[in-house]
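Here is the naming used below: chain letters follow the sequence lines, and residue numbers restart at 1 for every chain.
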2 protein chains.
Amino acid sequence: MAPSRPTIKDVAARAGVSKSLVSLAMRAPDRVSPARLTSIRAAADALGYRPNAAARNLADRRSFTIGVLVQDLHNPISAEVIDGVQRQVRASGYHTMLVTGSADADLERGEIEKLLEFQVEGLIIIGHRMPAGARAAVDGECPTVIISRAETGILGLDSISNDDVCGARMAVNHLYDLGHRRIAHITGGSNQVALLRRAGYEAAMNSHGLTANIACYEGAFTDDGGYRGTRLALASPSKHSAIFVANDLAAVGALAAIAENGRQVPEDVSVIGYDGMALGALRSIGLTTIAQPLASMGADAADLLLQRIGDPSRPPAHVNLEPRLIARTTTSAVSR
Amino acid sequence: MAPSRPTIKDVAARAGVSKSLVSLAMRAPDRVSPARLTSIRAAADALGYRPNAAARNLADRRSFTIGVLVQDLHNPISAEVIDGVQRQVRASGYHTMLVTGSADADLERGEIEKLLEFQVEGLIIIGHRMPAGARAAVDGECPTVIISRAETGILGLDSISNDDVCGARMAVNHLYDLGHRRIAHITGGSNQVALLRRAGYEAAMNSHGLTANIACYEGAFTDDGGYRGTRLALASPSKHSAIFVANDLAAVGALAAIAENGRQVPEDVSVIGYDGMALGALRSIGLTTIAQPLASMGADAADLLLQRIGDPSRPPAHVNLEPRLIARTTTSAVSR
DNA sequence: ACGCTTGATTGGACCGTTCCAATTTGGGGG
DNA sequence: CCCCCAAATTGGAACGGTCCAATCAAGCGT
């Protein structure tokens, strides 16, 4: 019932040649005579031959595959980064093997282990968390690039990130240019990324001479975090005319808090987020935001990785891409 | 520089035993004497030994891997389905290899081909489009389950879907129970899924004796599609008090159209979507919806696949899961 | 015609495992 | 003590490819 897939040997037999020639025909068609080539090809698809990757990888001692660990598949941001990675990886004749991380560090480690067992030639980690166990395992064994916003070059790995400090300044500058002075910040918690964005906010405020107006409210990178932080901000005596929220998801939460408070966006309060997730572009939301160049980050990561595969001794590089402002409808000039 | 990974042979040498014993120790530790086991293990991790999956798969003639093709990674729905698949697949000792489809049918076909070369033991396709070229390739070669809302058993494949007709009726019934009678439907276009939902809407309207009130407006499964369809609906002379939109994304577009029209949700118009995407749960949106049991669909698909792997001759099964209503804030009793 | 170069083809070793038949060990019972 | 059996261990043949050195088959210039 299970005639098990035909092998190169079967093809050879049917075409009346040696298996070596079949192998050659597959890899370098121009090195076998046209006549043989034809009959080999005929035999191959008469039999429905499909090369066995395991055997090929074993013999080649390489897999032409690069592994991608996505820590949070639910984050819509991941999809875009993956697109970028795939496009670039494919263009170089490599193939991609995707694996999802999870809160469970052991599972995550297991996934990486699998990837390594499969002899991936490189690893791309998408997410801002360095898989704990994986670090050691990966280190020095397999070229790795981490796409994240944090851990800037702390490890000896290549990394790609967006420039959070710069992005945060862009956000503040945008509001400043619109005439806002009482600009509050809803933080994203105490993780690396959130701290950088906060630092950028403070730096920009300072450079505009608005040191006295700096006001940070505790939030988180979630709908709820933004909602709660914003309630705090609205309750404060200082009447903020604009709010820079640590990420888009939280900014959407901020919108809810503002509406609940009976104020209008952007008439009473302007809101700007960070990330550029597709969600913000929806008509009902129209969130102004600082967009990370997600696809580029993916593509650059792939480039970096391929370079390192080519030259493992190259010193680790850290690429920090500049995000860009997308002005939509949640920000407007301050009203007198 | 590249000492290339140690093999089972290196471990054997270092532990002073034969490679066969090392192999055995890895697979069935209890069949090796404790003393040897200890020294083998010591040698293994002194060397940082990691089994070579290619070699193992070759020798075993199986991969313990199942391939997953995700047609639209950007659709947040995919992530949840994948979660379900992974959980179940892992529980059975299998491993998952994820691959993304794309608009380009050739690329998609290529990805499936790769999966098959890797000797995956089964295939799960997430998406409502049957990868054109893949169909033939896959057919009869590799157990396959398709998770989709359409193609109900048309193919000889196992499939999982949610019951769109039933879900649409639930949506209408919910509105009906709230006292609504002038219920409009914004369609999702002319694809299979959209048609089923529309059919469910019409059936429900009929069974409530509201045949005369049936009103479908052309839309699409996008933010914009919902927006446009809803504008049509609002412009019509029949004053609809409630709108059932073909999916959540479009429902969010509907919300925008309604707001733009100066009406309130749910006071003036109730809105209900379909899918249950996470987005709808955001505070700013609070969309009432018919939620597909995404994780269950994934898990069931995995189960089905594993069953079929166990018994390839089992006749194809089609599981149609019932969705459930999640009432949030975009629907309320009709106001007199 | 003839040795030669060149291109086409082949046989067999090898990649890192698993598996099985065969061999070695280690006691226990008589 | 020796014999026998079970448990522990080993050697070598697959698995399905790739690659290389060796063999074969043509042309070609002189």
Side-chain angles (χ1 to χ4, degrees), chain A residues 2-41 43-44 47-65 95 113-114 116-121, chain B residues 2-41 43-44 47-65 95 113-114 116-121:
Chain A
S4 85
R5 309 274 76 237
T7 77
I8 203 176
K9 209 179 294 182
D10 300 317
V11 176
R14 189 176 225 269
V17 300
S18 71
K19 67 181 175 39
S20 302
L21 194 59
V22 176
S23 170
L24 194 59
M26 298 292 168
R27 295 171 288 128
D30 52 315
R31 299 187 49 192
V32 317
S33 67
R36 305 293 202 166
L37 189 54
T38 316
S39 64
I40 288 176
R41 287 204 165 137
L47 259 37
Y49 170 71
R50 189 192 327 282
N52 179 323
R56 175 164 3 99
N57 293 347
L58 181 56
D60 280 350
R61 254 148 315 182
R62 56 179 306 189
S63 60
F64 279 104
T65 296
H95 182 246
E113 200 65 21
K114 279 289 181 210
L116 294 175
E117 288 183 10
F118 264 102
Q119 315 287 101
V120 295
E121 299 181 32
Chain B
S4 85
R5 310 274 76 237
T7 77
I8 205 176
K9 209 179 294 181
D10 300 316
V11 176
R14 190 175 222 271
V17 300
S18 72
K19 66 181 176 37
S20 301
L21 194 59
V22 177
S23 168
L24 194 59
M26 297 293 168
R27 295 170 289 126
D30 53 317
R31 300 187 48 193
V32 174
S33 68
R36 305 293 203 165
L37 188 54
T38 317
S39 63
I40 289 176
R41 287 202 166 139
L47 259 38
Y49 169 71
R50 188 194 326 284
N52 178 324
R56 175 164 1 100
N57 292 348
L58 181 57
D60 278 350
R61 252 148 317 181
R62 55 179 306 190
S63 61
F64 280 104
T65 296
H95 183 244
E113 201 64 21
K114 279 291 182 209
L116 294 175
E117 287 184 10
F118 263 102
Q119 315 287 102
V120 295
E121 299 183 30

*Look at the side chain of B/V17 and decide which nucleotide, out of D/dG17, C/dT17, D/dT10, has an atom nearest to it.*
D/dT10

*Keeping the roles fixed (side chain from B/R5, backbone from B/P51), state whether a donor-acceptor pair exists under 3.5 Å.*
no

*If only atom types and distance count, is the side chain of A/S23 paired as donor or acceptor with the main-chain N or O of A/K19 below 3.5 Å?*
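Side chain of A/S23 to backbone of A/K19: no pair is present.
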
*A/K19 near the nucleic acid: base, sugar-phosphate alone, or nothing, with a heavy-atom cut-off under 4.0 Å?*
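The residue A/K19 makes base contact.
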
*Please work out if B/S23 contacts a base, only the sugar-phosphate, or nothing of the nucleic acid, heavy-atom cut-off 4.0 Å.*
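Result for B/S23 = base.
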
*Heavy atoms, side chains only, cut-off 4.5 Å: are B/Y49 and B/V22 in contact?*
no

When only distance counts, do a donor and an acceptor, one from the side chain of [X] and one from the base of [N], lie under 3.5 Å apart?
X: B/S18; N: D/dG11; result: no
X: A/T7; N: D/dG17; result: no
X: A/S33; N: C/dG7; result: no

What is the distance from [atom1] of [X] to [atom2] of [N], rounded to the nearest Å?
X: B/D10; N: C/dC15; atom1: CG; atom2: C1'; result: 13 Å
X: A/E117; N: C/dT17; atom1: CD; atom2: C1'; result: 12 Å
X: B/D60; N: D/dA14; atom1: CG; atom2: P; result: 17 Å
X: A/L24; N: C/dT10; atom1: CG; atom2: P; result: 11 Å

*Among all residues two or more places apart in sequence or in another chain, which pass the side chain to side chain donor-acceptor pair (under 3.5 Å) test with A/R56?*
B/E117

*Partners meeting side chain to side chain donor-acceptor pair (under 3.5 Å) with B/R62 (sequence neighbours left out)*: B/Y94, B/E121

*From CG (B/L116) to CD (B/Q119), nearest 0.5 Å*: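 That separation rounds to 8.5 Å.
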
*Any idea which heavy atoms bring A/L47 and A/P6 closest together, and the distance?*
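For A/L47 and A/P6, the tightest heavy-atom pair comes out as O-CG, 3.4 Å.
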
*asked:* When the axes are fitted on five pairs at both termini, how much does the helix from C/dA1-D/dT30 to C/dG30-D/dC1 curve, in 10° steps?
replied: 50°

*Considering heavy-atom distances to DNA chain D, does B/R36 or B/R61 have its closest nucleotide positioned more toward the 5' end?*
B/R36

_Does C/dC15 have OP1 or OP2 under 4.0 Å away from a side-chain N or O of A/R62?_
no

*When you check the phosphate oxygens OP1 and OP2 of D/dT18, does a side-chain N or O of A/R27 lie under 4.0 Å from one of them?*
yes

